[in-house]
Novice: 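Dropping the structure in here first, questions after.
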Amino acid sequence: MKIATWNINGVKARIGNLLTWLKESAPDIVCLQEIKSVDDQFPRAEIESLGYNVETHGQKGFNGVALLSKLKFDEVNCRLPGDSDDEQARFIEGVFSTEKGALRVVSLYLPNGNPIGGERFAYKLRWMERFEKWAKERLALEDPMVLAGDYNVIPEPTDARFPENWVNDALFQPESRRAFRQIVNLGFTEATRAVTDSTDVFTFWDYQAGAWQKNNGIRIDFQLLSPEAANLLVSSSVEKHVRTWEKPSDHVPVVTELAI
DNA sequence: ATGGCGAGGTTCCCTCGA
């Protein structure tokens with residue numbers, strides 16, 4: 001089974017690329033972030049026509065996450081628990097039945113947190129604390145589980161082509177990196193790093209300043225595998241070529257195959 | 001040394017992203 005994550009930067013602006021990529025890559029489950037659409041404007045019919053079930057947690061203007069799945073959804077949970085005042089659409093969990101039992105897949109869009117030192121950075125760290133608490137509880141279920149999305153964290157200097165550019169950015173602060181490590185250290189395997197130690201693997205290149213041409217990239221899109229999912233890991237790859245397409249997202253898909 | 005883009009809504013400028 002192929003499980004993918006992609007920050008699409010606007011599903012309505014990217015529907016052509018999305019359909020092309022779905023046909024080419026043929027993932028079974030897709031986690032989308034930054035759909036920038038309310039639920040009733042999500043272009044679900046075109047996606048359904050390719051054989052996907054669609055569940056969205058949208059928001060007007062920005063944020064928004066979605067799950068596309070060739071498997072039927074047994075359960076869908078939107079919103080990360082822990083703060084009923086949090087109105088931002090950044091989290092959707094789907095549960096599926098497989099021959100290995102229940103499979104849990106989350107599409108998450110972690111807050112950016114810039115500028116550092118302000119309310120947005122505090123929100124990012126609070127969100128990560130809530131996510132850690134939630135993930136710890138879910139791990140206790142001992143199901144194959146994939147927590148996939150745009151984590152908005154550069155975990156290590158080797159995850160940026162020019163790490164010195166990011167020292168004052170929320171994505172590369174010691175607090176952000178520590179919070180990410182704490183989550184991974186609950187017992188997750190980060191799929192890309194499980195298959196490569198290359199220092200030239202990135203998932204985001206800014207539209208500005210010729211970042212793509214200079215390979216000024218960062219690696220911030222991840223799939224965290226529970227032990228039960230990690231034991232089924234077959235392969236994982238970053239689909240970098242999608243960044244060369246017309247009207248690309250600034251992020252590219254990450255695709256992981258599990259032996260389910 | 002700096003900025004250089006793009007999406008969507010509050011539309012001819014604004015916020016947001018990273």
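So you know, we letter chains A, B, ... as the sequences are listed, proteins then strands, and number each from 1. Because the structure is a prediction, the values reported are computed rather than measured.
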Novice: By nearest atom, which of the nucleotides B:dA18, B:dG17, B:dA7 is closest to the A:R120 side chain?
Specialist: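 For A:R120, the side-chain atoms sit closest to B:dG17.
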Novice: Would you say A:K247 places a side-chain N or O within less than 4.0 Å of OP1 or OP2 belonging to B:dC5?
Specialist: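 Negative; the distance criterion is not met.
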Novice: Is it true that the NZ or CZ of A:R219 lies under 6.0 Å from the centre of A:F202's six-membered ring and within 45 degrees of the ring axis?
Specialist: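 Verdict for A:F202: no cation-pi partner in A:R219.
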Novice: Holding to side chain to side chain donor-acceptor pair (under 3.5 Å), I want the full list of residues that pass it with A:T196, two or more places apart in sequence or in another chain.
Specialist: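 In terms of side chain to side chain donor-acceptor pair (under 3.5 Å), with neighbours along the sequence ignored, A:T196 is linked to no residue.
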Novice: May I ask you to check whether A:F91 and A:W134 place their ring centres under 6.0 Å from each other?
Specialist: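 Yes; A:F91 has its ring centre under 6.0 Å from that of A:W134.
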Novice: Between B:dG9 and B:dG4, how far apart are the two P atoms, rounded to whole Å?
Specialist: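 About 24 Å, rounded to a whole number of Å.
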Novice: Give the rounded distance in Å between these two atoms: CG of A:N63 and C1' of B:dA18.
Specialist: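 Going from A:N63 (CG) to B:dA18 (C1'), I get 14 Å.
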Novice: Tell me whether the side-chain N/O atoms of A:H251 come closer than 4.0 Å to OP1 or OP2 in B:dG17.
Specialist: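 For B:dG17, OP1/OP2 do not have a side-chain N/O of A:H251 under 4.0 Å.
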Novice: For a quick check of understanding: with a heavy-atom distance under 4.0 Å over all strands, which category does A:D150 fall into, base, sugar-phosphate or nothing?
Specialist: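 Sugar-phosphate: the residue A:D150, judged by heavy atoms under 4.0 Å, touches backbone atoms but no base.
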Novice: Tell me what A:R219 touches on the nucleic acid: a base, only sugar-phosphate, or nothing, going by heavy atoms under 4.0 Å.
Specialist: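 It contacts nothing in the nucleic acid.
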Novice: Quick one: are the ring centres of A:F222 and A:F180 less than 6.0 Å apart?
Specialist: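 Yes, the ring centres sit under 6.0 Å apart.
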Novice: Assign A:Y151 to base, sugar-phosphate, or nothing according to its heavy-atom contacts below 4.0 angstrom with the strands shown.
Specialist: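 No contact at all - A:Y151 keeps every heavy atom at 4.0 Å or more from the nucleic acid.
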Novice: Checking the side chain of A:Q223 only, and the main-chain atoms of A:I3 only, is there a donor and an acceptor separated by less than 3.5 Å?
Specialist: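 Yes, because the side chain of A:Q223 sits within donor-acceptor range (under 3.5 Å) of the backbone of A:I3.
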Novice: Taking the P atom in each of B:dA18 and B:dG6, what is the distance between them to the nearest angstrom?
Specialist: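 Rounded to whole Å, the distance is 16 Å.
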Novice: So does A:K36 get a side-chain nitrogen or oxygen closer than 4.0 Å to the phosphate oxygens (OP1/OP2) of B:dG9?
Specialist: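 Answer is no, no contact under 4.0 Å.
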Novice: Expressed as a whole number of Å, how far does the C1' atom of B:dT10 sit from that of B:dC14?
Specialist: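 It comes out at 7 Å once rounded to the nearest Å.
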Novice: With a 4.0 Å cut-off on heavy atoms, is A:N152 in touch with a base, just the backbone sugar-phosphate, or nothing at all?
Specialist: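 The answer is sugar-phosphate, as A:N152 gets under 4.0 Å only of primed atoms, P, OP1 or OP2.
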Novice: Select base, sugar-phosphate, or nothing to describe what A:A209 touches, counting heavy atoms under 4.0 Å on all strands.
Specialist: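 Base contact - A:A209 has a heavy atom under 4.0 Å of at least one base atom.
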Novice: Which part of the nucleic acid, if any, lies within reach of A:N112 when heavy atoms closer than 4.0 Å are counted: base, sugar-phosphate only, or nothing?
Specialist: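 Contact class for A:N112: base.
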Novice: Look at the rings of A:W205 and A:W212 and say which category their plane angle falls in: under 30° parallel, 30 to 60° tilted, over 60° perpendicular.
Specialist: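 Perpendicular: the ring planes of A:W205 and A:W212 meet at over 60°.
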Novice: Name the nucleic acid region contacted by A:K124, choosing base, sugar-phosphate or nothing; use a 4.0 angstrom heavy-atom cut-off, strictly under.
Specialist: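 The residue A:K124 makes no contact with any strand.
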Novice: Distance check, C1' atoms only: B:dC12 and B:dT2, in whole angstrom units.
Specialist: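 That atom pair is separated by 26 Å.
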Novice: Under 4.0 Å, counting only non-hydrogen atoms across every strand here, what does A:D221 touch: a base, just sugar-phosphate, or nothing?
Specialist: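 The answer is nothing, as A:D221 stays clear of every strand by at least 4.0 Å.
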Novice: What nucleotide among B:dT10, B:dA7, B:dG4 has an atom nearest to a side-chain atom of A:R14?
Specialist: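 Given the options B:dT10, B:dA7, B:dG4, the side chain of A:R14 is closest to B:dA7.
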Novice: Of the nucleotides B:dA18, B:dG4, B:dG8, which has the atom closest to the A:K214 side chain?
Specialist: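 Nearest to the side chain of A:K214 among the choices is B:dG4.
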Novice: Rounded off to whole Å, could you give me the CD-to-P distance for the A:E246 and B:dA7 pair?
Specialist: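 Taking CD of A:E246 and P of B:dA7, I get 12 Å after rounding.
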Novice: To the nearest Å, give me how far apart CH2 (A:W212) and P (B:dG6) are.
Specialist: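 Going from CH2 in A:W212 over to P in B:dG6 covers 15 Å.
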Novice: Give a yes/no answer on whether the side chain of A:Y109 brings an N or O atom under 4.0 Å of OP1 or OP2 in B:dC16.
Specialist: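 No, outside the criterion.
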Novice: Are any of A:R90's side-chain N or O atoms less than 4.0 Å away from OP1 or OP2 of B:dG17?
Specialist: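 Yes.
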Novice: If you only use heavy atoms from C-beta on, which nucleotide in B:dA18, B:dT10, B:dG8 is closest to the side chain of A:E34?
Specialist: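 Minimum distance to the A:E34 side chain belongs to B:dA18.
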Novice: Compare the minimum distances between each of B:dG9, B:dG8, B:dG6 and the side chain of A:Y207, then state the nucleotide with the smallest one.
Specialist: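 For A:Y207, the side-chain atoms sit closest to B:dG6.
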Novice: Can you measure A:K60 atom NZ to B:dT15 atom C1' for me and round it to whole angstrom units?
Specialist: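 It is 14 Å, rounded to the nearest whole Å.
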